[in-house]
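Heads up: the structure comes next, in structure tokens.
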Amino acid sequence: MYRVKSYMQLLHVFLLVVLPYLNLVLSSSGVGEHAETIRCNERERQALLNFKQDLIDDYGRLSSWGSTKDCCKWEGVHCNNHNTTTSHVTMLDLHTTDDYLLYQPLGGKISPSLHELHHLRYLDLSFNDDLYGPIPQQFSNLSNLRHLDLHGNYMLNIENLEWLSHLSLLSHLDLSLVELSKATGWVQSISNLPLLKELHLSRCSLPDITASSSFSSNSSVSLSFVDLSFNSLSSSIYNWLFNFTSSLAYVDLGYNELKGSIPDAFGDMLSLTILSLSWNQLEGGLPKSFANSSHLQSLDLFYNNLTEELHEFLQKMSTAKNSLESLDLSSNRLKGPLPDFTRFSLLRTLYLNNNSLSGSFPKDIGSFPSLIYLSLSGNQITGSFPDLSVFPSLQTLDLENNKLNGTIDKSIGQLHKLRVFSCAFNLLNGTISEAHFSNLSSLWYLDFSYNALTFNFSSDWVPPFQLDVIKFSSCKLGPRFPKWLRTQNKFYVLDMSSNGIAGNFPSWFWDLSPGFRYLNLSHNQINGLLPDLSLKVQGTLPWIDLSYNLLTGPVPPIPPSLTFLKLSKNKFRGSLYSLCANTSGWLIYLDLSNNLLSGELPYCLSHFKKLSIISLAYNNLYGEIPISIGSLSQVRILNLCSNNLSGEVPAWLGTNLISLSVLILRSNEFNRSIPRQLCQLNRIQILDLSQNHLSGNIPPCFSNFTSLVESNYYEVPTDYNYGPYARDGGDGFMYVSGTYVSNAFVQWKGQDQEYGKNLRLLKTIDLSSNKLSGKIPEQVGSLAGLDSLNLSRNILTGKIIQEIGQMKMLESLDLSANKFSGEIPRSLAHLNFLSVLNLSNNNLSGEIPLSTQLQSFNASAYSGNPNLCGLPLPNKCLGDPPITPRPKDKSIQEDEDRSITQGFYVSMGLGFFFGFWGVFGTIIINSRSRHAFFMFLNHITDWIYVTVALNWARLQRRL
């Protein structure tokens, strides 16, 4: 019995010890009912499922969640391995890459259930920008959290950051782009994180802190990284930031509202390697304390108001000569000549563009192999083109918009790494040959625009590069299309405007790069027909400008994706119905003015819902304006002048085209009255209905023209941007884009002039040469921002309104050839900017008001008014006293006589004596002065003799 009992005890022990291991073996081999090992804590598993339930997963990223019971195997979930039977979730990483090809964001709300993950150390939900709503306050329970990253979720918001104070182990915090505008105590909450090392709060709309704010003594002593860029913080942020002077290595306060001088404390940050204070309102120069910044690698002060001499600025950074890699001082007001910056031996990128730098490139500059990016554009740099062989590693060189002269040095051909080169808008001349490009195989951006350069290549030259951007505007490439262009079949931008190119398009041209974005061949002498552009152009939202050429034939069908088409100043004929083949509606700019087009305006223009500018002026179009144009609510400029359009001015122009700022219907056949609905165009700046057959009264509601009432209100669009697209420029990606300035012909001060960038500054109303009758409405006087008013050659009656004196900005006023009566209002003398005035051929009477302004005009401005008198007219007003010389006052005569005393003559004699001998005495006594004086006389005599002789010889040749 005892033996049996002993066996039973041994069996019991065996089962207790062996069975768990057996179960484990069976589970791992997939044998038995419980083959799967459940390592995940059930409560945490349920918390994750609840978190998933509130999310929107359009891309199936969380498809593994729930497919197995072990949450440690789910996508983005990581567990610890301290216990073989149960593990806790320590890491949740569901961030999304910002690569648009791999972009798969989660949406929905963040569930408070995550607070059940008590062992969580790492949480990353960044770039899931479809997440929205508040961040749960229950995150305060995540007491083990070290890393929290919610970057890029701009629809998330937090009203209070107090819960952060409970995360005492947090070392990395990134809430960039999260809305924090209501988190007024954010600084105090951050200060309660004793182990914080990295702080990212960029673009959070952070509320500013007050100068009296108190901060916790429990602040981190190891904070090394602070990014508070793109907020509206004032200089009071320094009070908190400078508590970490000893530990900070990275500081970004760019795009805030910092004012005053750069504080000395930045120079005292001995560990500082990267500092960005760009796009603020900082003034003065660099503090002397920066002499301590021996570890500084990057300094960004872009777009401030710094005014220091550049060589003084760099001298204060001399201790960083062996560490500085990037320096951005662009868009300031730094002055002085270019210093020798080769002392910074590791410098890779140098931005000095848009300052007030002058002088020439420093001579005898040493080799600078580290520099890869140099931007000096937008300065006043003079002298000859520099020797570029000292920059063998250069990848981007921007010298545009300076005053460089002479020829381009052939040393540029040695920069085999060069990718981007621009010297546009300088005074360069000479010839560009193949030698300039001999080794530039990496070049993709080339801009020689607006220089007096001539290109001379052999007919069989094959460039070593493939260009994306080709800009040669206002250079000399013609008269033929350059044959080397045939090798460039991948360009996005081609600008060869004003190049003297003549003849037809080569057969290969339109097949070169069908994916281009911008094509400008305007201001040449290209003739012939255009092909069917809808078959030749396949780019994304392309721009085409072929204006100011000699192109003929019909307007071709346009590509579906075309956004900009300018074919003005050519010889196109026929109707506009070829445009109807395009129904995609991407077109925003259409200019076919100054051609020979005929027929009616097609109804199909309504397809182009995005149209902003329509210019069909100076053609032979006829008929009424189709009502379909009324559906184009985004039109800002409508110019149909100098055609044969007829009918009434449509009332729907005022009710439908509410964005209209320029309306020009001059020189057509419109009749009837001006519709009152035009007064709803509160953005109108240029209204020209002149030279038609309009009748009736001027509408009394012109005071509704808001942009004409307010002197500082401008709405006319002139700048249109094309692009951007990205390419590597050496210093990361370079975004290539451009600006196109639109233009229009406007009647200004009696002349038809073309305006481009200044078009937005014009404010005019021209109703001249019609049959308008009645009085000028008093409301016209409220147009205080109006520059020009022309009501001439109508049948207007009554008096000139007294309120006209309120139009303080008026520069031109023409009321001639009407039937105005009464006196000229005295308020007209208050118009200080008035430079053009015509009141002729009316029935005005009385005296012309006396003022410096009104009497300065020619008498013709008042002629044809028989009852008008006073200067500058020759006829005097009745009752005016005759103009006789005024007798000199006897007391004044006595004062003048009394002033000429004996002392006066003595002073005059002494002055003559010392003046004469001071000059000629020096010549007589000093031989060098005497020699110089007579040499000067000889040179003058020779110059007069040579000039007279040359002119006499020229005159004899002509005779």
Side-chain angles (χ1 to χ4, degrees), residues 361 368-369 371-377 384-400 402 404-501 506 508-509 512-513 516 520-521 727-730 734 736:
F361 269 81
F368 203 176
L371 196 66
I372 65 172
Y373 193 110
L374 177 60
S375 179
L376 299 173
S377 63
S384 58
F385 198 84
D387 179 6
L388 300 177
S389 61
V390 297
F391 307 119
S393 302
L394 209 57
Q395 297 182 22
T396 292
L397 177 60
D398 186 358
L399 301 176
E400 71 177 47
N402 279 286
L404 294 171
N405 54 43
T407 59
I408 295 180
D409 195 285
K410 292 182 180 179
S411 61
I412 190 175
Q414 301 175 29
L415 304 181
H416 65 281
K417 296 182 180 180
L418 193 65
R419 301 177 183 180
V420 175
F421 174 63
S422 175
C423 62
F425 297 97
N426 276 283
L427 305 173
L428 298 168
N429 54 42
T431 301
I432 300 296
S433 65
E434 300 167 18
H436 288 86
F437 305 107
S438 56
N439 293 313
L440 303 186
S441 58
S442 300
L443 195 68
W444 63 267
Y445 185 109
L446 183 59
D447 190 352
F448 286 119
S449 303
Y450 298 97
N451 285 287
L453 295 170
T454 301
F455 293 80
N456 184 18
F457 303 114
S458 61
S459 59
D460 58 348
W461 180 57
V462 178
F465 46 70
Q466 273 291 329
L467 296 176
D468 282 14
V469 177
I470 307 171
K471 292 185 176 182
F472 293 164
S473 180
S474 298
C475 293
K476 179 62 175 177
L477 276 176
R480 296 183 179 86
F481 271 87
K483 290 188 177 181
W484 61 265
L485 187 64
R486 191 172 186 176
T487 66
Q488 307 299 300
N489 52 26
K490 296 180 180 178
F491 63 80
Y492 285 93
V493 174
L494 176 61
D495 186 349
M496 296 196 306
S497 56
S498 301
N499 277 185
I501 299 174
W508 45 263
F509 180 81
L512 266 186
S513 183
F516 70 82
N520 189 346
L521 296 174
R727 275 293 305 265
D728 188 1
M734 175 180 177
V736 178

> Does a side-chain heavy-atom distance below 4.5 Å link Q395 with L415?
Replying inline: no

> Quick one: which of F391, F448, Y445 gives a ring-ring contact (aromatic ring centres under 6.0 Å, His included) with F421?
Replying inline: F448

> Distance from Q466 atom CD to F491 atom CZ, nearest 0.5 Å?
Replying inline: 10.5 Å

> Are the side chain of N499 and the backbone N or O of I501 linked by a donor-acceptor pair below 3.5 Å?
Replying inline: no

> Which atom names give the shortest non-hydrogen contact between P464 and S438, and what distance separates them?
Replying inline: CG-O, 4.1 Å

> Closest heavy-atom contact between E400 and N426?
Replying inline: CA-ND2, 3.9 Å

> Do D468 and V493 come close enough that some side-chain heavy atom pair is under 4.5 Å?
Replying inline: no

>> Can you tell me how far apart SG (C423) and CD1 (I412) are? Round to the nearest 0.5 Å.
In response: 7.0 Å

> Are L388 and D409 side-chain neighbours, meaning at least one heavy-atom pair lies under 4.5 Å?
Replying inline: no

>> Determine whether a donor-acceptor pair (N or O, by modelled atom type, separation under 3.5 Å) exists between the side chain of N451 and the backbone of L428.
In response: yes

>> Are the side chains of L446 and F472 in contact, using a 4.5 Å heavy-atom criterion?
In response: yes

>> Among residues at least two apart in sequence or on other chains, which ones pass side-chain contact (heavy atoms from CB on, under 4.5 Å) with S459?
In response: K483

> Is it true that a side-chain atom of S393 and a backbone atom of P369 form a donor plus acceptor pair closer than 3.5 Å?
Replying inline: yes

> Would you call N429 and T407 a side-chain contact if the rule is heavy atoms closer than 4.5 Å?
Replying inline: yes

>> Tell me whether the rings of W461 and F457 are parallel (<30°), tilted (30 to 60°) or perpendicular (>60°).
In response: parallel

> How about L512 and L494: do any of their side-chain heavy atoms sit closer than 4.5 Å?
Replying inline: no

>> Please enumerate all residues that pass side-chain contact (heavy atoms from CB on, under 4.5 Å) together with P479, with sequence neighbours excluded.
In response: none

> Out of curiosity, N456 CG to L477 CG, how far, rounded to the nearest 0.5 Å?
Replying inline: 11.0 Å

>> Working note: Q414 + S389, criterion side-chain hydrogen bond (donor to acceptor under 3.5 Å, both in side chains); need CA distance, chi angles, decisive distance, verdict.
In response: CA-CA 7 Å; Q414 301 175 29; S389 61; 4.7 Å; no

> Any idea which heavy atoms bring K410 and A435 closest together, and the distance?
Replying inline: CD-CB, 4.0 Å

> Is there a side-chain contact between M496 and P482 (heavy atoms, below 4.5 Å)?
Replying inline: yes

> Side chains of L374 and L394: closer than 4.5 Å at any heavy-atom pair?
Replying inline: yes

> Which value, rounded to the nearest 0.5 Å, describes the distance between N405 atom CG and S384 atom OG?
Replying inline: 7.0 Å

> Between I408 and H436, which heavy-atom pair has the shortest distance, and what is it?
Replying inline: O-NE2, 2.9 Å

> Hey, do the aromatic rings of F385 and F361 have their centres closer than 6.0 Å?
Replying inline: no

> To the nearest 0.5 Å, how far apart are CG in L376 and CG in L397?
Replying inline: 7.5 Å

>> Restricting to ring-ring contact (aromatic ring centres under 6.0 Å, His included), what partner residues turn up for F425, sequence neighbours left out?
In response: Y450

> Any idea which heavy atoms bring T487 and W484 closest together, and the distance?
Replying inline: OG1-O, 2.7 Å

> To the nearest 0.5 Å, how far apart are OG in S442 and CZ in R419?
Replying inline: 6.5 Å

>> With side-chain contact (heavy atoms from CB on, under 4.5 Å) as the criterion, how do W444 and V469 come out once you've worked through the C-alpha distance, each side chain's angles and the decisive distance to 0.1 Å?
In response: CA-CA 6 Å; W444 63 267; V469 177; 4.3 Å; yes

>> Give me the atom names and distance for the closest heavy-atom approach of T396 to L418.
In response: N-CD1, 4.1 Å

>> Over 60° means perpendicular and under 30° means parallel, so tell me whether F465 and F437 are parallel, tilted or perpendicular.
In response: perpendicular

